[in-house]
Amino acid sequence: MAEPRIENLREALDNRRAPTVGLWNRIEGRPRTTDFARALRAEVRDPLWMLTRQWQMGEFRGTDGGSPVTATYSVVATPPSRFRPADGAVEPLPADRPLEAVAERRPLPFSPSTCGWRSGAVG
């Protein structure tokens with residue numbers, strides 16, 4: 001059986017001959033790249049957020065929720081040895097001072113006028 005066909009759609013809509021006629025536009029996203037490798041990796045940016053959502057939804061209360069049998073980890077700590085300030089060159093970090101003292105230092109403006117000294121005044 002052939003499907004009914006409306007020859008003049010505009011006239012049919014204006015005269016309401018076929019009130020069941022519908023028009024749709026399809027909205028689709030357009031990817032910015034053709035490489036989907038990063039999207040398919042499903043990277044986790046905030047694992048703590050995911051754990052708290054599971055806790056809020058009660059997913060940890062289930063009787064079928066497994067527990068880890070073995071967990072292995074490896075940690076290697078290496079202290080920083082060099083530092084480059086925003087407006088300077090790379091310099092070695094001294095071992096006798098904390099990193100914050102070196103990284104957050106600022107030059108102190110010093111002049112006799114800021115300290116209250118007067119020229120020629122003797123204590």
Indicate the atoms forming the closest heavy-atom contact of [X] with [Y], along with that distance.
X	Y	result
Pro94	Arg97	CG-NH2, 3.1 Å
Gly29	Pro31	O-CD, 3.8 Å
Arg105	Val102	CG-O, 3.3 Å
Phe83	Ala103	CZ-CA, 3.5 Å

Point to revise | Flag side-chain contact, heavy atom, 4.5 Å: Val44 against Trp49 | key: no
Study note, to complete from the structure: Rounding to 0.5 Å, atoms CG (Leu93) and CZ (Arg84) come to a distance of 13.0 Å
**Study point:** Reported CE-to-OG1 distance for the pair Met57 and Thr52, which is rounded to 0.5 angstrom
**Key:** 10.0 Å
Exercise for review: Might you confirm whether atom CZ of Arg41 has over 12 heavy atoms from other residues, nucleotides or ligands at distances under 6.0 Å?
Suggested key: yes
